[in-house]
Amino acid sequence: MAFPHSVRLVEVGPRDGLQNEPEPISTATKLELIDRLGAAGIRHIEAASFVSPKWVPQMADHREVITGLTHRPGVVYSALTPNLKGLEAALECGVEEVAVFGAASEAFSQKNINCSIAESLQRFEPVLERAKAANVRVRGYVSCVLGCPYEGEIEPTKVADVSKALYEMGCYEVSLGDTIGTGTPLKAKRMIEAVSRDIPIEKLAAHFHDTYGQALANLYAVLEEGIAVIDSSVAGLGGCPYAKGASGNVASEDVVYLLDGLRIETGIDLDELAGTGTWITQAIGRPNRSKVGVALAAK
Ligand SMILES: CC(C)(COP(=O)([O-])OP(=O)([O-])OC[C@H]1O[C@@H](n2cnc3c(N)ncnc32)[C@H](O)[C@@H]1OP(=O)([O-])[O-])[C@@H](O)C(=O)NCCC(=O)NCCSC(=O)C[C@@](C)(O)CC(=O)[O-]
């Protein structure tokens, strides 16, 4: 299959990137990050997470973040909502899009959202119904699509089953998470092949972490399969509390550089994005994990 002509980047830095930071990050810093990302041309930004503050303290200011956003025309600002409680709180803040998140691994599901895969799907059903009634689109995530920190290998058929359930429930797009970054290009292709037997490829997104340095190679492999939505995190921010040693999502700057080189349109200004990566890493005292970002900053 040929590469897509354009790719939509879903920037998950403000949520996935920051959710594990141990030191509090001010709401003002989060809002500035989100605004800078929009100014760089990103059209979908995952801004917050309506989860329990006991589980993820860094996302406790979800209300302030969502209500404090300066909405740029054409930019979608979304938030995670694991259950009805989270969804109702998000709707009260006027959120325009939400996401539910499940897993292809039983053990990870238990650690992450405190329930089995089957229970999680039951929880998501009323979330989808309520969101539909409120005219709010729902994205679905599946974690551990290329490996689990507890169960190791995950069969592509398991990923396909959970993805299909989310899609049939009404998720407009299913994002496939290589949560611990253990995937390699062949595995990634096989997983996409399995999932796309049930779901049109244009309804799938790649959400790859770079723990083993394979994320760009894996993205190249799935772009060849026709994937045209990529989740990434500016400066490669992030990690996962339930996956020891996991590094962040693939860096947005590195993905844009790759796509620019392939003549695949993103609508994103790489220099502006790289400047945002430099700024946020300095603001929160983290190393910049984008190779492209570091190289551009050194010019
Ligand atoms: C899912 C729950 C809430 C279940 O948590 P639970 O303990 O099973 O839920 P519960 O219904 O029994 O409620 C327990 C307490 O949580 C409260 N509660 C219940 N729901 C909410 C809510 N929505 N917002 C705020 N508070 C909530 C509820 O009110 C109660 O409070 P208490 O009475 O003890 O004071 C919990 O396990 C949780 O918050 N987990 C956090 C999971 C998380 O955020 N993980 C990181 C995001 S996923 C991810 O990063 C992967 C992804 C998407 O990026 C893809 C990839 O890379 O793999």
Side-chain angles (χ1 to χ4, degrees), residues 3-21 33-34 36-46 145-146 175-185 187-189 192 204-225 227-240 243 245-284 286-299:
F3 287 125
H5 291 296
S6 63
V7 157
R8 174 163 57 88
L9 228 78
V10 177
E11 169 62 47
V12 296
R15 194 278 302 172
D16 209 355
L18 298 185
Q19 69 186 4
N20 300 313
E21 282 300 317
L33 171 62
I34 293 164
R36 283 179 183 242
L37 291 165
I42 293 189
R43 291 289 161 262
H44 188 151
I45 303 170
E46 199 170 73
V145 301
L146 295 172
S175 174
L176 301 160
D178 182 13
T179 314
I180 51 169
T182 48
T184 50
K187 266 179 152 182
K189 264 183 196 260
I192 293 294
L204 298 175
H207 178 109
F208 294 166
H209 287 248
D210 201 31
T211 315
Y212 287 77
Q214 303 295 301
L216 280 184
N218 294 342
L219 284 178
Y220 189 90
V222 301
L223 282 165
E224 279 188 323
E225 295 292 302
I227 289 286
V229 185
I230 295 176
D231 298 359
S232 60
S233 165
V234 69
L237 295 174
C240 174
S247 62
N249 293 83
V250 64
S252 306
E253 301 90 314
D254 298 0
V255 175
V256 172
Y257 187 82
L258 172 75
L259 296 174
D260 283 352
L262 291 168
R263 306 277 181 271
I264 296 174
E265 273 176 42
T266 63
I268 295 165
D269 180 326
L270 180 57
D271 287 321
E272 188 126 9
L273 183 62
T276 301
T278 304
W279 168 79
I280 187 63
T281 47
Q282 284 170 358
I284 66 171
R286 284 273 160 204
N288 190 335
R289 291 212 195 102
S290 164
K291 291 213 166 189
V292 170
V294 170
L296 289 178
K299 261 189 171 179

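These numbers were taken from a predicted model, which means no experiment stands behind them.
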Nearest atoms (heavy-atom pairs only) where [X] meets [Y]:
| X | Y | answer |
| --- | --- | --- |
| Val234 | Ser252 | N-OG, 3.1 Å |
| Val294 | Asn288 | CG2-O, 3.6 Å |
| Leu223 | Ile227 | CD2-O, 3.3 Å |
| Gln214 | Thr184 | OE1-CG2, 4.1 Å |
| Ala228 | Ser6 | CB-O, 3.8 Å |
| Leu176 | Val145 | C-CG2, 3.9 Å |

Got [X] and [Y] here, is their nearest side-chain heavy-atom distance under 4.5 Å?
| X | Y | value |
| --- | --- | --- |
| Asn249 | His207 | yes |
| Val10 | Ser175 | no |
| Val229 | Leu204 | no |

Completion exercise
Residues passing the salt bridge (charged side-chain N to carboxylate O under 4.0 Å, His left out) test with Glu272, sequence neighbours excluded, are none
Problem - Pairing residues for Arg43 by the salt bridge (charged side-chain N to carboxylate O under 4.0 Å, His left out) criterion, not counting sequence neighbours - result: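 Here no residue qualifies.
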Pairwise distance [atom1]([X]) to [atom2]([Y]) - rounded to 0.5 angstrom:
| X | Y | atom1 | atom2 | value |
| --- | --- | --- | --- | --- |
| Asp231 | His209 | CG | NE2 | 8.5 Å |
| Ile42 | Leu37 | CD1 | CG | 5.0 Å |
| Glu225 | Tyr220 | CD | OH | 12.5 Å |
| Glu46 | Ile34 | CD | CD1 | 10.5 Å |

Exercise for the section: Report the C-alpha distance between Ser290 and Asp254 in whole Å, list the side-chain angles of each, state the deciding distance to 0.1 Å, and finish with yes or no for side-chain hydrogen bond (donor to acceptor under 3.5 Å, both in side chains). Expected result: CA-CA 6 Å; Ser290 164; Asp254 298 0; 2.6 Å; yes
Handout entry: Tyr212: ring-ring contact (aromatic ring centres under 6.0 Å, His included) partners, not counting sequence neighbours
Key = none
Mind checking what makes side-chain contact (heavy atoms from CB on, under 4.5 Å) contact with [X], not counting sequence neighbours?
| X | value |
| --- | --- |
| Arg36 | Glu32, Thr276, Trp279 |
| Ala215 | Phe208, Asp210, Val250 |
| Ala221 | Pro185, Lys189 |

Partners passing side-chain hydrogen bond (donor to acceptor under 3.5 Å, both in side chains) against [X] (at least two apart in sequence or in another chain):
| X | result |
| --- | --- |
| Glu253 | none |
| Arg286 | Glu21 |
| Ser233 | none |

Under 3.5 Å, sequence neighbours excluded: what are the donor-acceptor pairs made by side chains of residues 259-266?
from, atom 1, to, atom 2, distance (Å)
Arg263, NH1, Asp260, O, 3.3
Thr266, OG1, Ile268, N, 3.1

Practice task
Would you sort out whether Arg8 and His44 count as a side-chain contact (heavy atoms from CB on, under 4.5 Å), showing the intermediate values?
Solution key: CA-CA 8 Å; Arg8 174 163 57 88; His44 188 151; 3.3 Å; yes
Handout entry: Full working for side-chain contact (heavy atoms from CB on, under 4.5 Å) between Thr211 and Thr182
Key = CA-CA 7 Å; Thr211 315; Thr182 48; over 6 Å; no
Practice task
Please lay out, stage by stage, how Ile284 and Leu237 fare under the test side-chain contact (heavy atoms from CB on, under 4.5 Å).
Solution key: CA-CA 10 Å; Ile284 66 171; Leu237 295 174; 4.0 Å; yes
Exercise for the section: Return yes if some donor-acceptor pair links the side-chain N/O of Asp178 with the main-chain N/O of Gly183 below 3.5 Å, else return no. Expected result: yes
